[in-house]
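Proteins come first, then strands; the chains are lettered A, B, ... in the order of their sequence lines, and each starts at number 1.
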There are 2 protein chains.
Amino acid sequence: MNVSKDEAVRSEIIYQAQKLFQQFGLKKTTMDEIAAACGKAKSTLYHYFTSKEEVFDAVIEIELTKLRKIVKDKVEEQKTITGKLKTYMIEFQKGTLSMANVYRIVNNVSYDKKASKERFVRMMEFEKSYVLRIMEDAYDSGECRSIDKEDLPLMAELLLAGFYGTVKYLIEKDDKYDQQKLERIAEIFTSKLFE
Amino acid sequence: MNVSKDEAVRSEIIYQAQKLFQQFGLKKTTMDEIAAACGKAKSTLYHYFTSKEEVFDAVIEIELTKLRKIVKDKVEEQKTITGKLKTYMIEFQKGTLSMANVYRIVNNVSYDKKASKERFVRMMEFEKSYVLRIMEDAYDSGECRSIDKEDLPLMAELLLAGFYGTVKYLIEKDDKYDQQKLERIAEIFTSKLFE
DNA sequence: AACCGACTAATTTAGTTTTCCAGTCCAAAA
DNA sequence: TTTTGGACTGGAAAACTAAATTAGTCGGTT
């Protein structure tokens, strides 16, 4: 055994699991199926992961890491705080739509409410800290002087919760997704809340 | 028969149903129980309402009417648009906490997802139009000139969806309800979004 | 016209059996 | 020694059934 081989197998399991979770979701994908897709026996999987949930979390982590990289690159192209925040919202939202597993976390599509909620909160904590850093950077370099620095954490929370609450409501109500409206909402949220 | 007698029976049914729905919810309250509480036979109820759902909707309507009256009185005490909007949010939210049936609609606690979502959307449409009127009045009397009048409907929607999305998220996360934080959120939402 | 009791059709619940699947164990292979 | 696979297990979920509830109807009574 060597470490890189070990890593390769792990990656293969995650890769195959991702495809299956993507299509069928956490509940309707079995460990036997993941093992079969890898050409291995189920018990082999348990040498690399302690549980099915852990496999799923690994898949989610990979997807989120990918998504966050994309979002980060786009955000960094922006110069102003409002440009950054607006870009963040639009790109993150766009990304969730193209990643079924992440979509399920963000929109609480699950069979295990408790676990799903925990994943959502964990993800949100990370996003909040990222948005907060964007805000603090802007604050430190002299933008948005009209806001108290100690209000920034609450502002970050409000921005995210408000934005996702709004998107969710609009999706529920309209039953269709409107890219332009989304941009308009992100615009209002950022410019009004933050300029 | 006379009309006022008819109305009295209707009211009695709604009143008894309200108490039962309050305690047990829509699903776990039976028409037999409502009838028994009224001292009438079940079939009598069907002279006044065509279905159990209709009784429930009547109860909701009564509760919402009461709540809206309270909110309206409080809002009218306020002079400024931000004062009005902040008061609206806080009072409406406070009201939902004291009315179990309204609470269930607002927070989507239900056994019938589709019906519950419809009730929620219907309620929100009404609230949106009320908030919009507050905004338009303020606009017409010269407040908030920095906003396009045609943006007001979207602003009303954002305010409500954002506020409720945020409150929901905070309740989920904190698992407890903080009156002061709620006020701070309403404050930021209104002052930042609207001042 | 307002009401009731008895009825029905349909849904819900409760109980049982069967199937499935996450996770373990042990032996064999590498 | 480390990795793997096949067989196994316990517990949970699915499928099915029988029994009980309950929304809504109807014919008759006051």
Could you check whether [X] gets within reach of a base, just the sugar-phosphate, or nothing at all, counting any heavy atom under 4.0 Å?
X       : value
B:Lys40 : sugar-phosphate
B:Ser51 : sugar-phosphate
A:Lys28 : nothing

Ionic contact status for A:Glu127 with A:Arg68, cut-off 4.0 Å: yes

Around A:Glu61, counting heavy atoms of other residues, nucleotides and ligands shown, do more than 12 lie under 6.0 Å from its CD? no

Flag yes if more than 12 heavy atoms outside A:Tyr139 fall under 6.0 Å of its OH atom; otherwise flag no.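 Yes, enclosed.
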
Could you check whether A:Lys168 makes a cation-pi contact with A:Phe120, meaning its NZ or CZ is under 6.0 Å from the centre of the six-membered ring and within 45° of the ring axis? yes

What's the [atom1]-[atom2] distance between [X] and [N], to the nearest Å?
X       : N      : atom1 : atom2 : answer
A:His47 : C:dG23 : NE2   : C1'   : 12 Å
A:Glu53 : C:dC21 : CD    : C1'   : 14 Å
A:Phe49 : C:dT24 : CZ    : P     : 15 Å
B:Asp32 : C:dC7  : CG    : C1'   : 13 Å
A:Leu45 : D:dT4  : CG    : P     : 10 Å
B:Phe56 : D:dA23 : CZ    : C1'   : 16 Å
B:Ile34 : C:dC4  : CD1   : P     : 15 Å
B:Ile13 : D:dG24 : CD1   : C1'   : 15 Å

I need the single residue from B:Phe92, B:Tyr88, B:Phe189 that forms a side-chain contact (heavy atoms from CB on, under 4.5 Å) with B:Leu160. Which is it? B:Tyr88

More 5' along DNA chain D: A:Gly39 or A:Lys27, using each one's nearest nucleotide?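 With A:Gly39 and A:Lys27 compared, the 5'-side residue is A:Gly39.
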
Look at the side chain of A:Lys42 and the base of C:dG23, then say whether one donor and one acceptor between them are separated by less than 3.5 Å. yes

For D:dG24, does the base pair up with any side-chain atom of B:Ser43 as donor and acceptor (N or O, under 3.5 Å, distance only)?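 No pair found.
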
Among C:dC4, C:dC21, D:dG24, find the nucleotide with the atom closest to the side chain of B:Lys52. D:dG24

Which nucleotide in the set D:dA14, C:dC4, D:dG5 lies at the smallest distance from any side-chain heavy atom of B:Thr44? C:dC4

When you measure from the side-chain N and O atoms of A:Tyr46 to the phosphate of D:dG5, is any distance below 4.0 Å, counting only OP1 and OP2?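 A:Tyr46 to D:dG5 OP1/OP2: no side-chain N or O under 4.0 Å.
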
